[in-house]
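As the structure is a prediction and not an experimental result, all values here were calculated from the model.
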Amino acid sequence: MGLRFKKGKRLLLTCIILLPLMLISLTPSETLAASDVNINLSAVRQEIRGFGGMNHPGWIGDLTGPQRETAFGNNHNQLGFSILRIYVDANRNNWHREVATARRAIEHGALVIASPWNPPSDMIETFNRHGDRNAKRLRYDKYDAYAQHLNDFVAFMRNNGVDLYAISVQNEPDYAHDWTWWTPAEMLRFMRENAGSINTKVIAPESFQYLKNMSDPILNDPQALANLDILGAHTYGTRFSDFSYPLFKEKGAGKELWMTEVYYPNSHDNSGDLWPEALDVAYHIHHNLVDAEFQAYIWWYIRRQYGPMKEDGTISKRGYSMAHFSKFVRPGYVRVDATKNPETNVYTSAYKGDGKVVIVAINRGTTPVNQNFVVHNGGISNVGRWITTGSSNLQPGTNLNVTGRNFWAHLPAQSVTTFVGDINN
C-alpha cells in the first residue's frame, strides 16, 4: 500500500547514543525511529468536521438513552462522536424512528446527515441491468417528486427539533444490488436539474468504493457542481493509492469532502475487541485524513459486534482506536503537515485548534519505538498523552518534557497514542 521501508537501529542495553537535546538508552527490544516527526503548525490542510457513525432503528433497533450518551458525550468512557448519519426511509410513516437519537446528538453539538436507500415505491421502476431484470431505478419522470420527497424529510426532521446539516441523493448508487441503482449520467442529471431545490446541503454521490467515475461528471459540470455541497464517498476496499483526488482539488473549491460510511478491516462477528486487528481502525482513519484529506470519518453501525460500541453498550477496542481521533480532534480543528511515516509501521498525523496541537501516533509494529517530535512555527508545552494497547484503553500517561520545540515519546508495540499540547506562539 505504498509503504516505504526505513531501517531502524536496534541497540544493546549498554549502548547510549548522543542525540540532539537529550540522551536515550534503549533496550534490545526497542527501536529508535529512523526520522523525526516534523510538525509544521503553519502548513494548514483540511478543516475537520468530525467523526461519527450510523444509527438505523429500522434495521437493528435504536440506540438507548445511555448509549446515546456513550456515543455523543465526550467524558470518560464516551466516544466523543460529533456526526450522526441517519436513514431516510422510503415510507414516511417510519420517519419518526430517527428523531430521538438525532435530537440528542444535536443537543451534544453533533451534526446530523441523512441518506436514502430507495425512493418511495411509486417512484421506482425495474429494468434489465446486465441480466438482472429486477434491478431498480428512479423513474425518469419522478426526479422532481423525488427531490420533494427529500425536502419533506428535511422539513419533518426540522419540525421535530433536528436541523439536518445535509442530505444525500442516494446511498451507494453503484453498489445497489439490494436498493436503487443510479448511473453516473442519472446522478449528473439530478444534480444539474433537481438538487438545487433541496432545502439543506446536498451530499453526492456516495460511491461505495470512492470510484471517481461517479463524481467526475459532477465536478466537470459547473451547474451540477454549484448544487453540490459535500462530495461524499465510502471507502470499502478502496486502495490507499486511490485515496487522492486531483480533480476535486482542482474543481472543488468551497466544497466539503466527507467519508460517509465504512467499516474496517471487516465485519466479522464479535470482532470489535480483537487486537491488534482493532488497531487498524486508527490506521485506516490516518490514511483517510492524510492521504484522502477527508473532513469527516463515519463508521457504519455505531452499535454492532464489529463496531465502536458493542451490543451491550460498552466501547469496543475498535471504538477506543477510533476515539483517539474523535475525542481529541474536535470539529473545527485543522490538520497540519506532519511526517506521516517516520519509521516502518509508525504513522503520525497532527491537528490544531482551541490553542492546542493534537498528534496521533500509531505503531503497528511488534517492537516499541522511541520517537522524536519537532514542532515548527509555534512552541508547545504541557504535552499530555493517552495510550491504547492490547491491555489498555485510552490510558493516561505521564506528561512529557518539552525541550525547545522537541519532545520524545515511547510508542509501545501495537499501540495508538494521542498527544495533546498547548501551543505557545
Quiz item: Has Asn401 got more than 12 heavy atoms of other residues, nucleotides or ligands less than 6.0 Å from its CG?
Solution: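 Open.
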Quiz item: Heavy-atom count around Tyr175 OH within 6.0 Å, excluding the residue itself: above 12?
Solution: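 Check fails, neighbour count at 12 or below.
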Would a distance-only check, ignoring hydrogens and angles, find a side-chain to backbone donor-acceptor pair under 3.5 Å from [X] to [Y]?
X: Glu107; Y: Ala102; result: no
X: Lys340; Y: His287; result: no
X: Gln414; Y: Gly365; result: no
X: Ser82; Y: Pro331; result: no
X: Gln170; Y: Trp182; result: no
X: Thr70; Y: Pro66; result: yes
X: Asn55; Y: Ile302; result: no
X: Glu98; Y: Ile86; result: no
X: Asn372; Y: Asp36; result: no
X: Lys352; Y: Leu41; result: yes

Counterpart residues, side chain to side chain contact (heavy atoms under 4.5 Å, CB included), relative to [X] (two or more places apart):
X: Asp354; value: Tyr333
X: Ser168; value: Ser115, Pro116, Ile203, Glu206
X: Glu256; value: Arg49, Tyr165, Lys201, Ile230, Trp258, Gln295

Set of side chain to side chain donor-acceptor pair (under 3.5 Å) partners for [X], sequence neighbours left out:
X: Arg303; answer: Gln67, Glu311
X: Thr388; answer: His324
X: Thr348; answer: none

Practice problem: Please lay out, stage by stage, how Met157 and Asp163 fare under the test side-chain contact (heavy atoms from CB on, under 4.5 Å). | Solution: CA-CA 6 Å; Met157 295 303 292; Asp163 195 2; over 6 Å; no
Exercise. For residues Tyr236 and Tyr264, establish whether the separation of their ring centroids is below 6.0 Å.
Key: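 Centroid separation for Tyr236 and Tyr264: 6.0 Å or greater.
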Quiz item: Aromatic ring centroids of Phe328 and Trp386 under 6.0 Å?
Solution: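 Yes, ring centres under 6.0 Å apart.
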Quiz item: Between His234 and Thr260, does a side chain to side chain donor-acceptor pair (under 3.5 Å) hold up when you go through it step by step?
Solution: CA-CA 6 Å; His234 303 176; Thr260 54; 3.1 Å; yes
Are [X] and [Y] linked by a side-chain donor-acceptor pair shorter than 3.5 Å?
X: Ser381; Y: Asn424; result: yes
X: Asn118; Y: Thr180; result: yes
X: Ser349; Y: Tyr351; result: yes
X: Glu69; Y: His108; result: yes
X: Arg85; Y: Asn171; result: yes

Identify the two heavy atoms, one from [X] and one from [Y], that lie closest to each other, and give their separation to 0.1 Å.
X: Tyr146; Y: Val169; result: OH-O, 2.6 Å
X: Met54; Y: Tyr87; result: CE-N, 3.7 Å
X: Met214; Y: Pro173; result: CE-CG, 3.6 Å
X: Pro184; Y: Pro217; result: CB-CG, 4.3 Å
X: Trp408; Y: Leu400; result: O-CD2, 3.8 Å
X: Ala135; Y: Trp181; result: CB-CD1, 3.9 Å

For [Y], is there an ion pair with [X] - N to carboxylate O distance below 4.0 angstrom?
X: Glu47; Y: Arg335; answer: no
X: Arg45; Y: Glu293; answer: no
X: Asp62; Y: Arg97; answer: no

Do [X] and [Y] have side-chain heavy atoms sitting under 4.5 Å apart?
X: Val37; Y: Gln371; answer: yes
X: Thr418; Y: Val358; answer: yes
X: Thr31; Y: Asn370; answer: no

Please verify the inter-ring angle class for [X] with [Y]; under 30° counts as parallel, over 60° as perpendicular, anything in between as tilted.
X: Phe81; Y: Phe72; result: perpendicular
X: Trp300; Y: Trp59; result: perpendicular
X: Tyr245; Y: Tyr210; result: perpendicular

Quiz item: In chain order, what residues pass the ring pair (Phe, Tyr, Trp, His ring centres under 6.0 Å) check against Tyr297, with sequence neighbours excluded?
Solution: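 Checked Tyr297 against ring pair (Phe, Tyr, Trp, His ring centres under 6.0 Å); matches are His284.
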Quiz item: Which residues satisfy the ring pair (Phe, Tyr, Trp, His ring centres under 6.0 Å) test with Tyr320, sequence neighbours excluded?
Solution: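 Here no residue qualifies.
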Scan [range] for pairs that pass salt bridge (charged side-chain N to carboxylate O under 4.0 Å, His left out), counting only residues two or more places apart or in two chains.
range: residues 375-403; result: none
range: residues 312-332; result: Glu277-Arg318
range: residues 227-247; result: Arg239-Asp242
range: residues 212-227; result: Arg192-Asp221

Quiz prompt | Ring-face cation of Arg364 near Tyr283 (centre distance under 6.0 Å, axis angle within 45°) | solution =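 Flagged: Arg364 positioned over aromatic ring of Tyr283.
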Practice problem: Output, in order, the C-alpha distance, side-chain angles, deciding distance and verdict of ring-ring contact (aromatic ring centres under 6.0 Å, His included) for His149 and Trp95. | Solution: CA-CA 12 Å; His149 169 73; Trp95 287 353; 5.6 Å; yes
Quiz item: So Phe153 and Phe156, ring-ring contact (aromatic ring centres under 6.0 Å, His included) or not? Walk me through it.
Solution: CA-CA 5 Å; Phe153 183 82; Phe156 175 87; 7.1 Å; no
Self-check item: Separation of Ile380 CD1 from Ile359 CD1 (nearest 0.5 Å)
Solution: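 The CD1 atom of Ile359 sits 5.5 Å away from the CD1 atom of Ile380.
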Self-check item: Trace of the side chain to side chain donor-acceptor pair (under 3.5 Å) decision for Asn94 with Asp89
Solution: CA-CA 6 Å; Asn94 295 327; Asp89 200 308; 3.2 Å; yes
